[in-house]
Visitor: 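Here's a structure for you.
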Amino acid sequence: MTIMFYPHEDELITGTVDQKLEALLEAAQRYKALVLETSIRMTDVPEEKKPVSPRDITRSYNWEEIARLLRQIRELPENTPAAKLQKSAKFKKLSEVYEVLRAAKMPKLEAVRIALMNECNQLASGGSQVA
């Protein structure tokens, strides 16, 4: 059985960081809808409660792509106030991706989202990023 990854690799091959962020957000929303739909179906049949094993998983979020984009955003320059604001906006958009994924039954992502928002706020206020 094959696993379908969201976003698909071909969605992020080319494009700007902003286009990739949009693709990640769209893929996160599709993944969230799938997870919530699956969990509703699982609760409709309570007598068939069985633990989910790895072989039962047919869909997954592509964490390699989100990590790669996070690295690209962190490596953007901060030499001018305008560059800091642009970088801050990108962190904010990435935190929205984490917010959608957190709503997809991944509550531990809240800590990552908060850390990204802290970086966003620090850059927006004129400070430099802490590595």
Side-chain angles (χ1 to χ4, degrees):
M1 177 171 24
T2 62
I3 296 179
M4 174 74 72
F5 285 97
Y6 293 91
H8 306 291
E9 287 183 27
D10 58 342
E11 293 177 7
L12 298 172
I13 290 175
T14 60
T16 65
V17 172
D18 290 326
Q19 291 170 335
K20 290 178 182 180
L21 281 168
E22 280 300 321
L24 283 174
L25 184 59
E26 188 178 307
Q29 290 167 341
R30 288 192 319 252
Y31 182 73
K32 174 187 165 189
L34 179 84
V35 167
L36 295 179
E37 177 185 313
T38 304
S39 68
I40 289 171
R41 273 192 271 137
M42 296 295 277
T43 58
D44 288 345
V45 190
E47 66 270 357
E48 291 186 24
K49 278 191 168 180
K50 68 174 189 172
V52 178
S53 67
R55 71 173 176 222
D56 297 330
I57 297 172
T58 59
R59 309 272 194 258
S60 181
Y61 196 77
N62 197 340
W63 294 103
E64 181 179 349
E65 295 299 332
I66 201 167
R68 185 177 297 133
L69 192 58
L70 176 60
R71 174 59 47 204
Q72 285 178 349
I73 293 171
R74 284 206 168 124
E75 290 174 352
L76 290 174
E78 300 176 17
N79 53 355
T80 65
K84 286 181 183 181
L85 288 176
Q86 288 177 347
K87 189 172 182 177
S88 172
K90 289 172 180 25
F91 274 127
K92 185 173 183 178
K93 189 70 164 184
L94 190 60
S95 73
E96 291 173 13
V97 172
Y98 275 95
E99 176 65 23
V100 171
L101 290 172
R102 185 193 64 77
K105 306 279 184 182
M106 296 183 211
K108 293 182 180 180
L109 291 179
E110 180 66 10
V112 177
R113 188 190 71 78
I114 290 171
L116 286 170
M117 284 306 297
N118 285 341
E119 284 187 54
C120 169
N121 293 336
Q122 184 179 14
L123 285 168
S125 68
S128 63
Q129 177 184 344
V130 177

Visitor: Of all heavy-atom pairs between Asn62 and Pro7, which one has the smallest distance, and what is that distance?
Guide: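 Closest approach of Asn62 to Pro7, heavy atoms only: ND2-O, 3.6 Å.
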
Visitor: For Ser88 and Leu123, which heavy atoms make the closest approach, and how far apart are they?
Guide: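 Scanning both residues, the minimum pair turns out to be CB-CB, 3.9 Å.
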
Visitor: For Lys20, which residues count as a salt bridge (Lys or Arg N to Asp or Glu O under 4.0 Å) partner, sequence neighbours excluded?
Guide: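 Lys20 satisfies salt bridge (Lys or Arg N to Asp or Glu O under 4.0 Å) with no other residue.
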
Visitor: Show me the donor-acceptor pairs within less than 3.5 Å that the side chains of residues 89-96 make with the rest of the protein, sequence neighbours left out.
Guide:
residue: Lys90; atom: NZ; partner: Asp18; partner atom: OD1; Å: 3.1
residue: Lys90; atom: NZ; partner: Asp18; partner atom: OD2; Å: 3.4
residue: Lys93; atom: NZ; partner: Glu22; partner atom: OE2; Å: 2.7
residue: Ser95; atom: OG; partner: Lys92; partner atom: O; Å: 2.6

Visitor: Restricting to side chain to side chain contact (heavy atoms under 4.5 Å, CB included), what partner residues turn up for Leu85, sequence neighbours left out?
Guide: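 Applying side chain to side chain contact (heavy atoms under 4.5 Å, CB included) to Leu85 gives Ala124.
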
Visitor: Could you give me the CA-CA distance, side-chain angles and deciding distance for Ile114 and Tyr98, then say whether side chain to side chain contact (heavy atoms under 4.5 Å, CB included) is met?
Guide: CA-CA 9 Å; Ile114 290 171; Tyr98 275 95; over 6 Å; no

Visitor: Is the backbone of Pro77 close enough, under 3.5 Å, to the side chain of Lys87 for a donor and an acceptor to pair up by distance?
Guide: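 Here the side-chain-to-backbone pair does not exist.
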
Visitor: Taking all non-hydrogen atoms of both residues, which atom of Ala104 and which atom of Val35 are closest, and how far apart?
Guide: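 Looking at all heavy atoms of both residues, the shortest contact is O-CG1, 3.6 Å.
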
Visitor: Mind checking what makes salt bridge (Lys or Arg N to Asp or Glu O under 4.0 Å) contact with Glu99, not counting sequence neighbours?
Guide: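 Per chain and number, Glu99 pairs via salt bridge (Lys or Arg N to Asp or Glu O under 4.0 Å) with Arg102, Arg113.
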
Visitor: The criterion is side chain to side chain donor-acceptor pair (under 3.5 Å); which residues satisfy it with Tyr6, sequence neighbours excluded?
Guide: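 Tyr6 satisfies side chain to side chain donor-acceptor pair (under 3.5 Å) with Arg59 once adjacent residues are dropped.
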
Visitor: Between Glu26 (side chain only) and Ala23 (backbone N and O only), is there a donor and an acceptor less than 3.5 Å apart?
Guide: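 No, because the side chain of Glu26 does not come within donor-acceptor range (under 3.5 Å) of the backbone of Ala23.
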
Visitor: Does some side-chain heavy atom of Val97 sit less than 4.5 Å from a side-chain heavy atom of Leu69?
Guide: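 Not touching, per the 4.5 Å side-chain cut-off.
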
Visitor: Report whether Leu70 and Tyr61 are members of the same hydrophobic cluster (ILVMFWY, side-chain heavy atoms less than 4.5 Å apart, transitive linking).
Guide: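 Same cluster: Leu70 reaches Tyr61 through Ile, Leu, Val, Met, Phe, Trp or Tyr contacts under 4.5 Å.
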
Visitor: Under the rule for side chain to side chain contact (heavy atoms under 4.5 Å, CB included), what residues qualify as partners of Ala83, not counting sequence neighbours?
Guide: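 Checked Ala83 against side chain to side chain contact (heavy atoms under 4.5 Å, CB included); matches are Asn79, Thr80.
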
Visitor: My understanding is that only residues two or more places apart in sequence, or in another chain, count here; which of them pass side chain to side chain contact (heavy atoms under 4.5 Å, CB included) with Gln29?
Guide: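 With neighbours one apart ignored, the set is Leu25, Val100.
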
Visitor: Using 0.5 Å steps for rounding, measure from the CD1 atom of Ile73 to the CG atom of Leu21.
Guide: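 With rounding to 0.5 Å, CD1 (Ile73) is 4.5 Å from CG (Leu21).
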
